[in-house]
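Counting starts at 1 for both ligands and their atoms, in listed order. Excluded from the calculations below are hydrogen atoms, water molecules and symmetry mates; all remaining heavy atoms, backbone and side chain alike, are included.
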Amino acid sequence: MDERKVLTSYVLRIRESLIRAGVRHVVVSPGSRSTPLAYAFAHSEGVGIHLQTDERSAAFYGLGMAKATGEPVAVLCTSGTAASNYMPAITEAKYARVPLIVLTADRPHELREVGAPQAIDQPGMFGRMVKYSTDFPVPEERPESLEYIGRHVQRAVSIATDAPAGPVHLNIPFREPLLIDFGLEDPGLSFRSVRRGMMIPEPDMVRWFTETAAAAKRGLIIAGELSPAFDKEMFWKFAQSLGWPVLADPLSGLRSGVSEENEALCIDQYDAILKNERFKQEMAPDTVIRFGPQPVSKPLAQFLNGNRPHTYIVVDESPSFRDPYHLATDHFQCAPEMLMGIRAGIGPSEYAALWSDASRIAAQETRRAVSSGTDEGAMAGVLFAGMADGSDLFASSSMPIRDVDTFFMNTGRDIGIFANRGANGIDGVVSTAFGVQAARKRPAYLLIGDLAMLHDMNGLISSRFNETDLTILIMNNDGGGIFSYLPQAGEGRYFEELFGTPTGLKFKNLAEMYGCQYDAVESADGLREALRKPKQTHVRIIEAFSDRQVNLGEHRKLWQAVGDRLDAEWNR
Ligand SMILES: Cc1ncc(C[n+]2csc(CCOP(=O)(O)OP(=O)(O)O)c2C)c(N)n1
Ligand SMILES: [Mg+2]
C-alpha cells in the first residue's frame, strides 16, 4: 500500500470508530498537522463539522454541544500551543462531567523534543484534567495496528461517557505528506458496539429509603444541575409520592414546563427565603435526598451546613459523589431514573406547605422588583419574561447565574437553562453558549457580564462559520459586580484597582465588527422595548448599562423585602 492509502485507512478508522461510538459532531480548528483528520471529517455524512479558529473558544464550543446533548463531542486541532489552548475547556469538562473527546494532531516521534517547529511535548499534556490519555502510533500498514486504533477510539469514548463523564485525550501523530485519498472507504469495523447496563438500586436500598422517608418529619428534595435528558415526568411522580418540597436549582430544568399540579412543590425562591434567619431556624430538614450536584445558591449551602440533616442522601451514578460541605450521610450509587420508580405513598405535609407559602410570598416580591426596578436583577427578570416558549438561556458565571437563580421562576414554558458550573470560570462563556445553541437548534439567549464578554469575544468568530441564533444580553456594569457583595467591598483600599477593575469599554463597535443588530439600554423598560423588536441578525447584542453600587442596593432591598414579609408571616 502506498503512504497515502496507509494514512487514509488510519484516519478513516478513527473517524468511523468515533461515529460508531456515538460522536456526531466535531469542532475543527484549522492547522496543517491535523489535515488528514480534518479532511476525513469533512468528507463524511456521519459527522457534523463546526469551525472555530480560536482553539480556546473551539473547545468551549464543543463543551457546550456535549453539555446540551449529553453525547460525546470531539474537538480537533493542530500541534503546538493550539492544543494548549484546549486546557480551560478540558478543565470545565472534567468538573462539569462533560464527555469531550480531545483530538490533538502531533508531529511524529522523531520530530519531538528536537527543536522541530510547532512541536511541544503533547502526550499526557492535560495531566489529571483528563480521564484517559493515549499517544497513538504513526500510521502504518499493519491490520493489527488499525484494529488497535479503532478499538482504542471506542474505548476512549466509552471512558468519557461512563460515570462520571469527562474529557479524554487522543494524541495523534502524522508524518508528511498529509494529503489523503478521498476515493477510499473504510472496509468496515469488526468491533460492533459498547453496550452499558444501568446501575439499579438493590432491593435493600429501596426498602431502607422507603422506611426512612416514611419516618421523616421534614423531608426535602434538592435538585442541582441535571442533564436535559433527565426524565422530569417520572421525577415529579416520585416527588409527589413523597410530598416533599423540591428545591430546584435553575440548572435542574425542573423550573421549566412546571404543571399546575407540581407548582406548589417546586420551590424556586429558596435562595431569597434562606437569607431570613427565622425561616432558617424553623425550617431545618431532618432528611434530604439530592439529585445532581450541590446547587448554585450560597444561602442554601449555609442553611444545610448550619442544620446538618440527620440523613442526607446523594444520588450519583459515580463513586466520586459531590459533597462540598461534607453533609452526605449516604451515597446511593445508581441511575437516578431507577430510584425515581419508588412510590413512597406519603403525600403533602404541613412542612411542605410552609415552604410553598414562603416561596409564593418571595415570588410576589421578586415580581414586584422586576416590574418597578431598573437594576440587573430586574433586567434579568425582563429577559426571562421575554423569552419565547422553546428557547434556551446560557448564564455566565458571576452575577448572571445568581440573578437567574432569583429571577427565573417556575414557568410552564419550555426553557432550557445552562451554565458552566464545573469550575465556575468566566472564560469561554460566549463559546459554550454558541455550542449549546448549535446542539439544541433553537433560539438561545446569553446573559453575561462585561468582563466575561471581554474574556471570550473570540467566541463570536464561530458565528462567521456556523449557523446560529443567539441574543446576547451584556450586563455592562463596568467591571466585576460580584465583588461588591464580598467582604473586600467593605475594605475600601485597592477595591477598584484589584476587584472592581473598570475598563470603560463599551461593546457597540464589537457588534458593528460582526454585523450584529445592536441596542443599548439603560433600564428595565428600555430592555423590555428592545426585546420586543424583531431579531434581524443571527447574533444580536443588547448592551445594558448598569451601576454596580445601585445594583447592590437594589438586590439588598429585595432580600430585605422578602425577609420582612416572611417575618410578618411568622408573627401572624
Ligand atoms: C477564568 C476566570 N477568571 C477569574 C475569575 C474570578 N471572577 C469571578 S467573577 C469575576 C468578575 C466577572 O465580571 P463580569 O463578567 O463583568 O460579571 P459581574 O460580576 O459584573 O456580574 C471574576 C474576575 C473566574 N471565575 N474565572
Ligand atoms: Mg461586570
Side-chain angles (χ1 to χ4, degrees), residues 54-57 59-60 63-64 84-96 129 250 271 296-298 324 373-381 383 393-408 419-433 445-460 472-489 494-507 510 520-522 524 527 541-556 558:
D54 178 323
E55 287 81 5
R56 181 163 73 159
S57 295
F60 276 107
L63 173 92
S84 311
N85 273 283
Y86 277 170
M87 190 55 151
I90 289 173
T91 308
E92 174 62 22
K94 172 180 160 92
Y95 291 101
M129 293 303 136
D271 184 81
V296 171
S297 166
K298 204 166 176 178
T374 75
D375 73 327
E376 291 171 28
M379 290 199 261
L383 174 67
L393 173 90
F394 197 87
S396 176
S397 291
S398 205
M399 285 313 286
I401 185 63
R402 295 187 166 78
D403 280 339
V404 164
D405 201 358
T406 306
F407 294 93
F408 279 50
N420 281 339
R421 300 308 292 168
N424 306 359
I426 57 160
D427 49 346
V429 174
V430 176
S431 300
T432 317
Y445 295 78
L446 166 62
L447 181 62
I448 188 169
D450 51 312
L451 294 185
M453 187 70 209
L454 289 168
H455 223 297
D456 190 26
M457 287 200 312
N458 281 359
L460 284 166
I472 304 177
L473 175 54
I474 305 172
M475 290 289 182
N476 193 347
N477 54 18
D478 200 15
I482 197 167
F483 299 114
S484 302
Y485 297 80
L486 301 181
Q488 55 263 54
Y494 306 115
F495 181 79
E496 279 300 291
E497 297 97 296
L498 293 177
F499 306 104
T501 57
T503 64
L505 294 169
K506 296 177 178 164
F507 293 89
L510 176 71
V521 302
E522 306 215 337
L527 177 60
I541 294 179
I542 303 175
E543 181 171 15
F545 292 102
S546 85
D547 179 284
R548 286 186 259 132
Q549 219 42 45
V550 172
N551 197 43
L552 174 71
E554 291 291 306
H555 276 71
R556 292 212 166 124
L558 169 60

Hey, does R402 have a side-chain heavy atom less than 4.5 Å from the side chain of H555?
no
For ligand 1, does N477 get within less than 4.0 Å through its side chain, its backbone, both, or neither, judged by non-hydrogen atoms?
side chain
Under 3.5 Å: N/O of G479 near N/O of ligand 1:
yes
protein heavy-atom neighbour closest to atom 20 (O) of ligand 1 works out as G481 N, 2.7 Å
What is the closest protein heavy atom to atom 16 (O) of ligand 1, and at what distance does it sit?
D450 OD1, 2.7 Å
Are any of the side-chain heavy atoms of F545 and D478 separated by less than 4.5 Å?
no
Pairwise side-chain contact, N420 with F394, heavy-atom cut-off 4.5 Å (strictly under):
yes
Does any N, O or S atom in G479 come within less than 2.8 Å of the Mg ion (ligand 2)?
yes
Non-hydrogen side-chain atoms of V430 and F60 separated by less than 4.5 Å
no
Closest to atom 7 (N) of ligand 1 by heavy-atom distance, out of Y485, F483, F499, is F483
N or O contact, G480 vs ligand 1, cut-off under 3.5 Å:
no
Best match, M475, E376, M399: closest heavy atom to atom 21 (O) of ligand 1
M399
Which of the numbered atoms in ligand 1 are under 4.0 angstrom from any heavy atom belonging to N424?
25 (N)
Do N476 and M453 touch side chain to side chain, with heavy atoms closer than 4.5 Å?
no
Flag for S57-N458: side-chain donor and acceptor within less than 3.5 Å
no
of all protein heavy atoms, closest to atom 5 (C) of ligand 1 is I426 CG1, 4.0 Å
Could you check whether R548 pairs with E496 (Lys NZ or Arg NE/NH1/NH2 to Asp/Glu carboxylate O, under 4.0 Å)?
yes
Under 3.5 Å, is there a donor-acceptor pair between the D456 and S431 side chains?
yes
Taking the non-hydrogen atoms of P400, is any one of them nearer than 4.0 angstrom to ligand 1?
yes
Measure from the Mg ion (ligand 2) to each N, O or S atom of N477 and report whether any distance is below 2.8 Å.
yes
Within a strict 4.5 Å, meaning less than it, do heavy atoms of the L558 and F407 side chains meet?
yes
Restricting to N, O or S atoms of D450, which is nearest to the Mg ion (ligand 2)?
OD1
Are the side chains of M379 and M475 in touch, meaning some heavy atoms are under 4.5 Å apart?
yes
Between T501 and ligand 1, which residue portion shows a heavy-atom distance shorter than 4.0 Å: side chain, backbone, both, or neither?
neither
Tell me the protein heavy atom at minimum distance from atom 12 (C) of ligand 1, and give that distance in Å.
S398 OG, 3.6 Å
Using distance alone, determine whether H455 and ligand 1 share an N or O pair under 3.5 Å.
no
Around atom OH of Y95, are there more than 12 heavy atoms of other residues, nucleotides or ligands at under 6.0 Å?
no
Are any of the heavy atoms in P88 under 4.0 Å away from ligand 1?
no
Under a 4.0 angstrom heavy-atom cut-off, which atoms of ligand 1 come close to L451?
13 (O), 14 (P), 15 (O), 16 (O)
Tell me, do Y445 and L473 make a side-chain contact under 4.5 Å, heavy atoms counted?
no
Counting from 1 in the order shown, the ligand 1 atoms closer than 4.0 Å to a non-hydrogen atom of A452 are 15 (O)
